[in-house]
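Computed from a prediction, not measured in an experiment: that's the story for all the values here.
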Amino acid sequence: MPSGTKADTSPSNAASAGSPAGRPSGTLSGSAPGAGAVPGPGKEQRVTKQRLAVSAALDELDDFVSTQELYRILQNQGVSVSLATAYRILQSLAEDGLVDVLRNGEGEAVYRRCAVTGHHHHLLCRNCGKAVEVEAPAVETWAARIAQEHGYTEVAHTVEIFGLCPDCTALRAAGKL
């Protein structure tokens, strides 16, 4: 799964809270289907059945998913959405800060709702794709200091840490990986 860097087009996780599983809600400000435009951090977005279906599917997933994988999930659920529409919706959700987007080892964008609001980083398993959100105050301090030392302003950064999760580490130790 993910083994690359965070995509340049994604703002850091300004996701909203409120889903049953403790993950951010995908109901776009609580609007019902057909409720019209929904204000967000960027431009207003129309609430469509397809946008709600993509958002709801993301709420049910724990790991990052590619657009193609999400498209297959939606098709298996009987949701009528084109692959191009799924791409546009995911890009819009990323631009609005409602999902995180990373690049996997093949350079493909993968998306996920994050349980953590605000700026954070990820630990990612190179084998199974499991992701853990982490806050890293020392990284924030270091990034600010380095930027200041070089005269940079309005800086942003991403840090993704790749390795093997505890389960995959155990599988490797047992010779099953």
Revision key, fill the gap. SG (C128) and CG (L171) are apart, to the nearest 0.5 Å, by 9.0 Å

Check your understanding: When you check the gap from the basic side-chain N to the acidic O, do D63 and R113 get nearer than 4.0 Å?
Key -> no

Revision key, fill the gap. Applying side chain to side chain donor-acceptor pair (under 3.5 Å) to E154 and not counting sequence neighbours gives none

**Study point:** Between E95 and S92: side-chain donor-acceptor atoms closer than 3.5 Å
**Key:** no

Exercise for review: Side-chain contact test, heavy atoms from C-beta onward, threshold under 4.5 Å: evaluate it for Y111 versus L70 and give yes or no.
Suggested key: no

Check your understanding: Is there a path from V134 to W142 through hydrophobic residues (I, L, V, M, F, W, Y) whose side chains come within less than 4.5 Å of each other?
Key -> no

Review point. Has the side chain of S55 got a donor or acceptor atom that lies under 3.5 Å from a matching backbone atom of R51?
Key: no

**Study point:** L58 vs L93, side chain to side chain contact (heavy atoms under 4.5 Å, CB included): CA-CA, chis, key distance, verdict
**Key:** CA-CA 11 Å; L58 287 170; L93 291 171; 3.9 Å; yes

Check your understanding: Would you say the side chain of L90 lies within less than 4.5 Å of the side chain of V54, judging by non-hydrogen atoms?
Key -> yes

Review point. Measuring from E108:CD to T67:OG1, what's the distance to the nearest 0.5 Å?
Key: 7.0 Å

Practice item. Using the salt bridge (charged side-chain N to carboxylate O under 4.0 Å, His left out) rule, collect all pairs that involve residues 167-177, keeping only residues at least two apart or in two chains. Key: none

Point to revise | Nearest-0.5 Å distance, CG of residue L164 to CZ of residue R126 | key: 5.0 Å

Practice item. Of all the heavy-atom pairs spanning F64 and H122, show the shortest one and how long it is. Key: CZ-NE2, 4.0 Å

Practice item. Is it possible for you to say whether V101 and L74 belong to one hydrophobic cluster, with membership spreading through side-chain heavy-atom contacts below 4.5 Å? Key: yes

Exercise for review: Quick one: which residue pairs count as a side-chain hydrogen bond (donor to acceptor under 3.5 Å, both in side chains) with a foot in residues 73-88, not counting sequence neighbours?
Suggested key: Q68-Y87, S82-T85, T85-R88

Review point. Is I89 linked to Y71 within one hydrophobic cluster, defined over Ile, Leu, Val, Met, Phe, Trp and Tyr using a side-chain heavy-atom separation of less than 4.5 Å?
Key: no

Check your understanding: Can you hop from V139 to V155 via hydrophobic side chains spaced under 4.5 Å?
Key -> no

**Study point:** Residue pair A53 / V79: nearest heavy atoms and the distance that separates them
**Key:** CB-CG1, 3.6 Å

**Study point:** R112 side chain to L61 backbone, donor-acceptor under 3.5 Å
**Key:** no

Review point. With side chains defined as the heavy atoms from C-beta onward, is the minimum distance between L102 and L124 less than 4.5 Å?
Key: yes

Practice item. Would you mind reporting whether E135 and H121 have side-chain heavy atoms less than 4.5 Å apart? Key: no

**Study point:** Close side-chain approach of H150 to R145, heavy-atom, < 4.5 Å
**Key:** no

